[in-house]
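The structure appears below as structure tokens.
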Amino acid sequence: MSQFWKPGTEKPRILDDEEGGVLFFSGTPSSSSGFRYSSIEKQRQRLPVYKYRTAILYLVETHATTIIVGETGSGKTTQIPQYLKEAGWADGGRVIACTQPRRLAVQAVASRVAEEMGVKLGEEVGYTIRFEDLTKPDVTVVKFLTDGVLLREMMDDPLLTKYSAIMIDEAHERSISTDILLGLLKKIQRRRPELRLIISSATIEAKLISAFFQTRKRRGLENEELGLQLEPAILSVEGRGFNVQINYAEEPVPDYVQAAVSTVLLIHEKESWGDILVFLTGQDDIDIAVQLLNEEAQTNGKNTSGLIVMPLYSGLPRAEQELVFSPTPRGKRKVVISTNIAETSLTLEGVVYVVDSGFSKQKFYNPTSDIENLVVAPISRASARQRAGRAGRVRPGKCYRLYTEEYFLNKMPAEGIPEIQRSNLVSCVIQLKALGIDNILGFDWPASPSPEAMIRALEVLYSLGVLDDDAKLTSPAGFQVAEIPLDPLISKMILASNQFGCSEEIITIAAVLSIQSIWISGRGIQKDFDNAKLRFAAAEGDHVTFLNVYKGFLQSGKSSQWCHRNHVNYHAMKKVIEIREQLKRIAQRIGISLKSCDGDMQVIRKAVTAGFFANACRLEAFSHNGMYKTIRGSQEVYIHPSSVLFRVNPKWVIYHSLVSTDRQYMRNVISIDPSWLLEAAPHFYNLQRLKPITH
DNA sequence: GAGCACTGC
């Protein structure tokens, strides 16, 4: 593969690494010439998956579902859609679809495949991700898209009739969208026996997915007469990774950050060239480890000279993130200390050593309190293998696991808990309802969420007026909420803004609330940051503050310098603008007229209340430390110090989300009048419940 | 006066 990027050459481009990760290649491919074409052909034939071309096409022809177990670098993602096209699955106006969990992967794979096929991206080969549709009707026959987009497409075309074959890639990651898709595709298959599914997965999950698609005889008999096997076929394709030697800790380690640092130093001292990738859990761990390593470098220059230490996590400013892709200078060794982002989303070339803490941060959902928490938890054996595999991309590597072999074999779970069993289900339930799946509890899932979580979601949607007594979507509210691609609480707030005449403002707030954060913060610049924020602070709370930031950003002419001066994240603001544009289009489609309330903050707060009434809290009467209690569950909560209402402590507030550390903190808080709760949700807040506290 | 794994529509 002469195309691989070499240290010291010009800045690389993004391309697919055939397993959903992203690599950086250099060298712009020249325009297609005969020579180039044949070299691409040769490259394609060298991929491990090529040997299985005939087998794959035979299995897809004869089986409703084919499961491909493909290891790293097998080429399955880029090749299988092309094989299907070459075999005629795109003839007669039909389309071959291939989904990915992530946007970047969709773009990367699509451009790679277009290049291999010698066509312009957006013509025969195209892709669709949120905000970007690079396909041409009746022209695009191989289409890459995120699972989320395919789910949305089902709202217009529930049987996905234009597709002849759908490949679900990276199914083992078991994202919520993938799981919903698998459930729905199984249903579609019964109605459309001609549809072919290709599901690519890692080994462990393949058995489970196969069992899920195992269809009993049932009404399928006529299909079998047509020569179609209803039992899924499983085909294993070897990868092209190198061997990775696994080393375990002899004893359990008391402190994995310290142990990771020691291991890095040990590798640096004893092992030959090659970069080191360390998996820790979050920003805190990572910053500590980076600091420890840099201190070592200063106090003990001899041992650590030549180490270049870099943190990597998604919250890092983009420029810093890109540093990890810069070539390691000759004679130096790069150490990247990363979260899970390097396990699936990004691929680092040049890594020969992996240090695995055995932990990651994972989301868990408690249906009783209706709270999602992020906690440090042990990873699965599947994750551990994935992490180790990151060491074997350029040559045989080594993985140092900071836990014992006994622990790995006997204590570590074989696979992770699917996301759908760890999440709040309101979005998922409303999506299924919109697709006409009424019996949510009886839906055939690859992994069923707990009944408690489903019931809680139904309750929340009922209290929002989105579902009726029969748990059917209400009209129009339910259908409108389902149409908006946001958390249903936010969507409800948008609907309410129509009545309050403040939709212009509310969709701005909705856009800001649906991204991580619009601020750039950092430990060192805290004071500046607080001061910057004060310039925008609104007495009503964070939501109104967002409006001020947005206004300032527009007035600056969307200037990146303005953002920099004000500690506002420029990329986040660009995203806000994009989401806002999308929401504007959707709002108009579902009959919401865009209207500004011209500074009437009361209606804005009322609209927020209409969506988030369940998150109302009251300041404890004699609280000296700003303790609030939720009205719904009497849970103890505090305003997060990052909120503009921190220390202001209005008597009644509504929060957007909770984060739990040593305390439960409310993030993004707005003050309200308790009487609005009764107006917004009389069924939820009956008088009895409010009376004792409203005096 | 504290701290946000990762995605996605």
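So you know, we letter chains A, B, ... as the sequences are listed, proteins then strands, and number each from 1. Quick caveat, the model's predicted, so the values are computed rather than measured.
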Residue-phosphate contact under 4.0 Å: A:Ser517 side-chain N/O, B:dC4 OP1/OP2: no
Toward the 5' end of DNA chain B, by each residue's nearest nucleotide, A:Val659 or A:Val149: A:Val659
Donor-acceptor pair between A:Tyr127 and A:Asp133 side chains, under 3.5 angstrom: no
Below 4.0 Å: OP1/OP2 of B:dC9 and any side-chain N or O of A:Ser427: no
Sugar-phosphate, base or nothing in reach of A:Ser177, heavy atoms under 4.0 Å: nothing
A:His640 and A:Phe646 aromatic centres sub-6.0 Å: no
Sugar-phosphate, base or nothing in reach of A:Tyr665, heavy atoms under 4.0 Å: sugar-phosphate
Length of the NZ-C1' vector between A:Lys575 and B:dG8, whole Å: 9 Å
Side chain of A:His640 - closest among B:dA5, B:dG1, B:dA2: B:dA2
Separation of atom CD in A:Gln283 from atom C1' in B:dC4, rounded to whole Å: 8 Å
Of the listed nucleotides B:dG1, B:dA2, B:dA5, the one nearest the side chain of A:Leu374: B:dA5
Lys/Arg cation over aromatic A:Phe408: A:Arg401, 6.0 Å, 45° cone: yes
Per A:Ile341 side chain, nearest of listed nucleotides B:dA2, B:dG1, B:dT7: B:dT7
Spacing between A:His172 atom NE2 and B:dC6 atom C1', to the nearest angstrom: 14 Å
For atom CG of A:Leu151 and atom P of B:dT7, their distance in whole Å: 19 Å
Touch class at under 4.0 angstrom, heavy-atom based, for A:Ile484 against every strand present: nothing
Under 3.5 Å: donor-acceptor pair, side chain of A:Ser380, backbone of A:Ser383: yes
Any residue of residues 357-365 of chain A with a heavy atom less than 4.0 Å from an atom of DNA chain B: A:Lys361, A:Lys363
Atom-to-atom span, CD of A:Gln386 to C1' of B:dA5 - whole angstrom: 15 Å
For A:Phe359, the option from A:Tyr256, A:Tyr403, A:Phe279 that meets ring pair (Phe, Tyr, Trp, His ring centres under 6.0 Å): A:Tyr256
Short side-chain donor-acceptor distance under 3.5 Å, A:Arg393 and A:Thr347: no
Atom-to-atom span, OH of A:Tyr655 to P of B:dA2 - whole angstrom: 20 Å
Minimum-distance nucleotide (side-chain atoms of A:Ser345 versus B:dC9, B:dT7, B:dA2): B:dT7
A:Asp284 CG to B:dC4 P, straight-line distance once rounded to whole Å: 7 Å
Lys NZ or Arg CZ of A:Arg663 over A:Tyr638 ring: under 6.0 Å, within 45°: yes
Under-4.0 Å side-chain N/O to phosphate OP1/OP2 contact, A:Thr146 with B:dC9: yes
Nearest to side-chain heavy atoms of A:Phe646, which nucleotide of B:dC4, B:dG1, B:dC6: B:dG1
Whole-Å gap separating C1' (B:dC4) and CG (A:Asn373): 12 Å
Touch class at under 4.0 angstrom, heavy-atom based, for A:Arg103 against every strand present: sugar-phosphate
Which nucleotide in B:dT7, B:dC4, B:dA2 has an atom nearest any side-chain atom of A:Arg102: B:dT7
A:Ser369 and A:Gln635: side chain donor to acceptor below 3.5 Å: no
